[in-house]
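In what follows, a single structure is set out as structure tokens and then discussed.
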Protein chains: 2
Amino acid sequence: MAHSVKNGTPSTPRQVPERCAQCTDRAERLFCNLPDEAIERFDEIAMQISYPSRSIVFEEGQRAAGIFVVCSGQIKLAATSRDGRTMILKIAVPGDVLGLSATLNDQPYEVTAETLEPCQIRSVRRRDFLEFLSHYGDVSRHAAQVIAREYHEVFLDARRLALSGSAAGRLAQLLLDWARTSSCGKPELRFTMALTHEELANMAGTSRETVTRLLNQFERDELITRHGSSIVILRPAEMERMVG
Amino acid sequence: MAHSVKNGTPSTPRQVPERCAQCTDRAERLFCNLPDEAIERFDEIAMQISYPSRSIVFEEGQRAAGIFVVCSGQIKLAATSRDGRTMILKIAVPGDVLGLSATLNDQPYEVTAETLEPCQIRSVRRRDFLEFLSHYGDVSRHAAQVIAREYHEVFLDARRLALSGSAAGRLAQLLLDWARTSSCGKPELRFTMALTHEELANMAGTSRETVTRLLNQFERDELITRHGSSIVILRPAEMERMVG
DNA sequence: TCCGCACTGTGACGCACGTCACACGTCCAT
DNA sequence: ATGGACGTGTGACGTGCGTCACAGTGCGGA
């Protein structure tokens, strides 16, 4: 198994159009779905960059230089403490906007963004972005909504960490959240997990060993099944109940 | 001591003006600091309400009815799990806006808001607020900034819960954050804590007994001193070091 | 083909801390 | 003045889970 886990992610590192105006995925992306004239202007101030896999887009603590819109690829957002403990906040996917809150408040980025695969990213410098916002009122509303959504996600993280007393609870919760957002719509809670146990541990606020033990436990109890790196949650209700 | 803790809070339950336009504190409040014409309109759609102490403004899970701007008083924002565990997210103070993210995304409130003392609150219904936003472009930017700040606060909570391994660390961190925001500016980290040990525990993600033990411990180690409900952090550096 | 590396699996150990249980002080209502 | 509610202080006990240590496995490179 091992390395194939990474390859299990089939997210197409496909080419994206030169300009946002031509992007066919715009409509379904909260932030990108802007009025035509705004998009035109956005294309003027945005810069398109390709990042190789495992590269750093920006780092925790750097003064915010601007925002980054993910066009293709997956990006890990993580924060670390002085003594090396790591918290993975989320895995950003196409359509997500990075560095928004830090940019708006002119503060340091609160996380480090690292590509998990080759990524296409559009970035806008802080000054340009703020000016852009003041010209196009609607865009501010989009931005507010996007941050509101991010807020909600972080809130859920905090909640999970604070309220699900046991490691088992937090992991269960994590898998449920994940499954639901991943297999959007379909009733069957199958999804492919492109993460190592270590990374899961960092998201659930526990240790690597505990994660492997728990996953095996879950499988023995027939709450989940695994084939390679794909996971199916068999009994969501049971799962839910152990959250706390 | 006991009940006097509550009375230790000297936050003036003073009268607030009828209309925001006449409010003298507007300038120093992120959200309230709006252009004149926007404020006029805001006054038309906002409703001024007085809440007695220990009353519920809105509850976790209710579909968002609108936003609430705190004019005077302190309000506790908390979330609970099915089995009764409680997480206190923050104590809102005048100038804070409640329910913003839920209102923008038309989702349930993620926390319960309960007054800790008699409060004056201005509220705006969802429909009116959204319409207000689309009319006044600048206000959206204010809103975005406000949420960005809230995001940052929750992020810090999540970070504290996830990364400061020990209860001692989380409590220390909490006191530090608190002291810094409370005694804004002054070098001496003195502040008055209007919370019971139980409430502190719910903020630090630990138990009541552990909090009392730790506070006494801190005092024995001369990291802090206490007189009644006021606390001074004597050696912030030491304190800092035990966080992570 | 062989080595090294990254990931996973499992046992053993220890302790931080949650929980229970109870004592004490202060405030308020009757 | 008495009882109840609420906050605080402290001991004893049990355990979840973090940590260390090491074994097994599949991959990729020389």
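Quick note on labels: first sequence line is chain A, next is B, and so on, each numbered from 1.
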Nearest whole Å is fine: how far is [N] [atom2] from [X] [atom1]?
X	N	atom1	atom2	value
A:Leu161	D:dC17	CG	P	14 Å
A:Phe218	C:dT8	CZ	P	16 Å
A:Glu219	C:dG9	CD	C1'	13 Å
B:Gln217	C:dC17	CD	P	12 Å
A:Glu198	D:dG18	CD	P	12 Å
A:Leu200	C:dA6	CG	C1'	16 Å

If the cut-off is 4.0 Å, is [X] near the phosphate of [N], judged by side-chain N/O to OP1 or OP2?
X	N	answer
B:His197	D:dC6	no
A:Thr210	D:dG18	yes
B:Thr206	C:dC17	no

For this session: Search all heavy atoms of B:Ser164 against all heavy atoms of B:Val243 and return the closest pair with its distance.
Result: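 Heavy atoms of B:Ser164 and B:Val243 come nearest at CB-O, 3.4 Å.
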For this session: Indicate yes or no: does B:Glu199 engage B:Lys76 in a salt bridge with an N to O separation below 4.0 Å.
Result: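 Here B:Glu199 pairs with B:Lys76 in a salt bridge, since their nearest N and O are under 4.0 Å apart.
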Exercise. Just how far is it from atom CZ of B:Phe31 to atom CD1 of B:Ile147, taken to the nearest 0.5 Å?
Worked result: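 With rounding to 0.5 Å, CZ (B:Phe31) is 10.0 Å from CD1 (B:Ile147).
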For this session: Only counting residues at least two apart or in another chain, list the ones meeting side chain to side chain contact (heavy atoms under 4.5 Å, CB included) with A:Glu209.
Result: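 Checked A:Glu209 against side chain to side chain contact (heavy atoms under 4.5 Å, CB included); matches are A:Ser207, A:Arg213.
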For this session: Scan nucleotides 10-16 of chain C nucleotide by nucleotide, 5' to 3', and note B when protein non-hydrogen atoms come under 4.0 Å of the base, S if they reach only the sugar-phosphate, - if neither.
Result: BBB----
For this session: Say whether, by atom type as modelled, one donor and one acceptor occur between the side chain of B:Tyr51 and the main chain of B:Glu114 under 3.5 angstrom.
Result: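 Such a contact is absent between B:Tyr51 side chain and B:Glu114 backbone.
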Exercise. Checking B:Arg170 side chain against B:Gly165 main chain: does a donor-acceptor pair fall under 3.5 Å?
Worked result: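 Between the backbone of B:Gly165 and the side chain of B:Arg170 there is a qualifying donor-acceptor contact (under 3.5 Å).
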For this session: Compare the minimum distances between each of C:dG18, D:dG7, D:dT19 and the side chain of B:Arg170, then state the nucleotide with the smallest one.
Result: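 Of the options given, the side chain of B:Arg170 lies nearest C:dG18.
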